[in-house]
Amino acid sequence: MTYTSILLRLLDERGYIHQLTDAEGLDSLANAQVIPGYIGFDATAPSLHVGSLVQIMLLRRLQQAGHKPIVLMGGGTTKVGDPSGKDESRKLLTAEAIDANIASIRKVFERFLTFGDGPSDAVMVNNDDWLSALGYVDLLREVGPHFTINRMLTFDSVKLRLEREQPLTFLEFNYMILQAYDFRELALQHGCRLQMGGSDQWGNIVNGIELTRRMNGIEVFGVTTPLLTTADGAKMGKTAAGAVWLNEDALPAWDFWQYWRNADDRDVGKFLRLFTDLPLDEIARLEALEGSEINAAKVVLANEVTRLCRGDEAAKAAEATASATFAGGGVGADLPVLALPAEGIGIIDALVGIGFAASRGEAKRLVAGGGARVDGEPVGDEAFHIPGGQETRISSGKKRHGVLRPA
RNA sequence: GGACAGGUGGCCGAGUGGUUAAAGGCAGCAGACUGUAAAUCUGCCCGCGCAAGCGUACGCUAGUUCGAAUCUAGCCCUGUCCA
């Protein structure tokens, strides 16, 4: 359908919409009022990673369209221990750890959203505030009658596990009820009318909509985003170094920038639309670049995403490092640095010390395989000694570079 | 509580007494080709050691054996069915 509201047009043309519960209803509501809308986030780690970036940008778009983003932190659900990660039971986090995680995660949201008291200013809430106060019997009486086991069993999240004969605990089974309860609570407390989330959240969102209507007669809406994978089918956000964290202290800006710079050709347009504020005609131009020219578009992508998430300076520094390192064959300021002792250092120790190899064995294999370079020259001898006294460039493969600098 | 089937390296999954640091696949790393892309081909892929080798490792704990991922007992966990 053709949307008339600024919000849905914006979301549609930039590729955020996978499913809508009631497109027309939401469209006309968006024309009529400022919609408070929320997305829930985990508080299991001190930083979110790239996998959550679509949702964060979605809240940003909501605000750009004049509506009110609500960031729901799952402090209460995290307390129980998020069971969604298959069979391994996670360590339960202490309340203090969860609060610290939330504070840390908030720093990233402050870059993407404007917080405050105004009508379209963002707010952050914690479901611990209401979930922890719930009594079990009260919850059962209040919410229990609105869910049938029959229907709960039909949800994909449940059905798949049963079909595969994988464990599904009662805790997990109840998770959807708590999430549904969140939506109703936000509708009452904040006038929230919209929940957004990944496509895997569809069931939970629908439950929340049902529950809110049944208990309070309020009509609320849901939007899901497509499941984001890279063009070769992998989940987003994994690299050699591990997850691509959004927080600066969890992943240096240089590595963050590199992640985007190395995007698959086929993903460039999609990423530009989802993760940057560039106008669509500009994106269309960049996306149309062919052959090696697309690399220019990747640099723009890396710059823009890094700027949003880490700030302008970080983005500029990363780009400068990239051109010095790759185009100039020199060393950029953002590269990792290892102190070079006056007497020099062995190649193996250097590789391990700077973090290019996790163990000495791995470093040796790297050297044996021809992947280790010193000042651009391949080193094939694991006994190779790097002399001290002068700044030296060390590399693992063609992409990971570092600097040995005299102490 | 009972019967049966299971628990193997980041993941999946072979392996029923020595030749098993454990097939194969996926993921990952590196090389070649390129454009810091993809695809393809090649090599690597527990730790320490230059090496011989040593240390860890097949749910946990005790045993049998010259020798165990493989056999025995107990325990823990998961699934299916029964109560």
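All heavy atoms count here, side chains included; hydrogens, waters and symmetry mates do not. What you see is a predicted model, and the numbers here were worked out from it, not measured in a lab. In what follows, chains carry the letters A, B, and so on, assigned in the order in which the sequence lines appear, proteins first and then strands, with residues in each chain numbered from 1.
- With both pairing distances under 3.5 Å, rC81(B) is matched to rG2(B) as a Watson-Crick or G-U wobble pair.
- rC44(B) and rA23(B) are spaced 13 Å apart, taking the P atom of each and rounding to whole Å.
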Scan the side chains in residues 307-316 of chain A for donor-acceptor partners under 3.5 Å anywhere in the protein, sequence neighbours excluded, and list what turns up.
from	atom 1	to	atom 2	distance (Å)
R307(A)	NH2	E304(A)	OE1	2.9
R310(A)	NE	L246(A)	O	2.7
R310(A)	NH1	E248(A)	OE1	3.4
R310(A)	NH1	L251(A)	O	2.8
R310(A)	NH2	W245(A)	O	3.1
R310(A)	NH2	L246(A)	O	3.2
R310(A)	NH2	N247(A)	O	3.2
R310(A)	NH2	L251(A)	O	2.9
D312(A)	OD2	K316(A)	NZ	2.9

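- Pair assignment for rG17(B): none, as no Watson-Crick or G-U wobble contacts are both less than 3.5 Å.
- Within the shown strands, nothing qualifies as a pairing partner of rG49(B) under the Watson-Crick or G-U definition with both distances less than 3.5 Å.
- Across the C1' atoms, rG1(B) and rA68(B) are found 33 Å apart, a figure rounded to whole Å.
- Base pairing analysis places rA30(B) opposite rU42(B); the two distances defining the Watson-Crick or G-U wobble pair are each below 3.5 Å.
- Between the side chain of Y38(A) and the backbone N or O of L186(A) there is no donor-acceptor pair closer than 3.5 Å.
- Shown here are the salt bridge (charged side-chain N to carboxylate O under 4.0 Å, His left out) partners of D22(A), two or more places apart in sequence or in another chain: there are none.
- For residues 317-365 of chain A, the pairs satisfying ring-ring contact (aromatic ring centres under 6.0 Å, His included) are F326(A)-H401(A), with sequence neighbours left out.
- A side-chain hydrogen bond (donor to acceptor under 3.5 Å, both in side chains) check over residues 329-356 of chain A, counting only residues at least two apart or in different chains, returns the pairs D349(A)-R360(A).
- Contacts of Y3(A) classified as ring pair (Phe, Tyr, Trp, His ring centres under 6.0 Å), with partners at least two apart in sequence or in another chain: none.
- Nucleotides rC48(B) and rC60(B), compared at atom P, are 23 Å apart to the nearest Å.
- If you check rG35(B) for Watson-Crick or wobble pairing at under 3.5 angstrom, you find it has no partner at all.
- Pairing for rC75(B) goes to rG59(B), judged as Watson-Crick or G-U wobble with the two contacts each under 3.5 Å.
- The same atom, C1', is picked in rG17(B) and in rC66(B); the two are 12 Å apart, to the nearest Å.
- Here, rA57(B) and rG43(B) have their C1' atoms 25 Å apart, quoted to the whole Å.
- Going from the P atom of rU8(B) to that of rC58(B) covers 11 Å, rounded to whole Å.
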Task: side-chain contact (heavy atoms from CB on, under 4.5 Å) between L338(A) and I345(A), intermediate numbers included - done: CA-CA 11 Å; L338(A) 181 69; I345(A) 187 171; 4.2 Å; yes
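- For K68(A), there are no salt bridge (charged side-chain N to carboxylate O under 4.0 Å, His left out) partners two or more places apart in sequence or in a different chain.
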Show which side-chain atoms of residues 131-149 of chain A pair as donor or acceptor with protein atoms under 3.5 Å away, not counting sequence neighbours.
from	atom 1	to	atom 2	distance (Å)
S132(A)	OG	K79(A)	NZ	3.3
S132(A)	OG	D128(A)	OD1	2.3
T148(A)	OG1	R151(A)	N	3.2

Protein N or O to nucleotides 43-50 of chain B N or O, pairs below 3.5 Å:
from	atom 1	to	atom 2	distance (Å)
rG47(B)	OP1	S359(A)	OG	2.8
rG47(B)	OP2	R365(A)	NH2	2.5
rC48(B)	OP1	R360(A)	N	2.9
rC48(B)	OP2	G361(A)	N	2.9
rG49(B)	OP1	R360(A)	NE	2.8
rG49(B)	OP2	R360(A)	NE	2.8
rC50(B)	OP2	K364(A)	NZ	3.4

Open item on the list: One character per nucleotide, please: for nucleotides 30-36 of chain B, 5' to 3', B when the base has a protein heavy atom closer than 4.0 Å, S when only the sugar-phosphate does, - otherwise.
Closed with: SSS-BBB
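- For the C1' atoms, the distance linking rA21(B) with rG55(B) amounts to 12 Å, nearest Å.
- The salt bridge (charged side-chain N to carboxylate O under 4.0 Å, His left out) test applied to E362(A) returns no partner, not counting sequence neighbours.
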Got a list of protein N/O to nucleotides 79-83 of chain B N/O distances below 3.5 Å?
from	atom 1	to	atom 2	distance (Å)
rG79(B)	O2'	E165(A)	OE1	3.4

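- Nucleotides rC46(B) and rG28(B) have their C1' atoms positioned 15 Å apart, rounded to a whole Å.
- Contacts classified as salt bridge (Lys or Arg N to Asp or Glu O under 4.0 Å) and involving residues 364-381 of chain A (residues at least two apart or in different chains) are not found.
- Checking N303(A) against W260(A) by side-chain atom types alone, no donor-acceptor pair falls below 3.5 Å.
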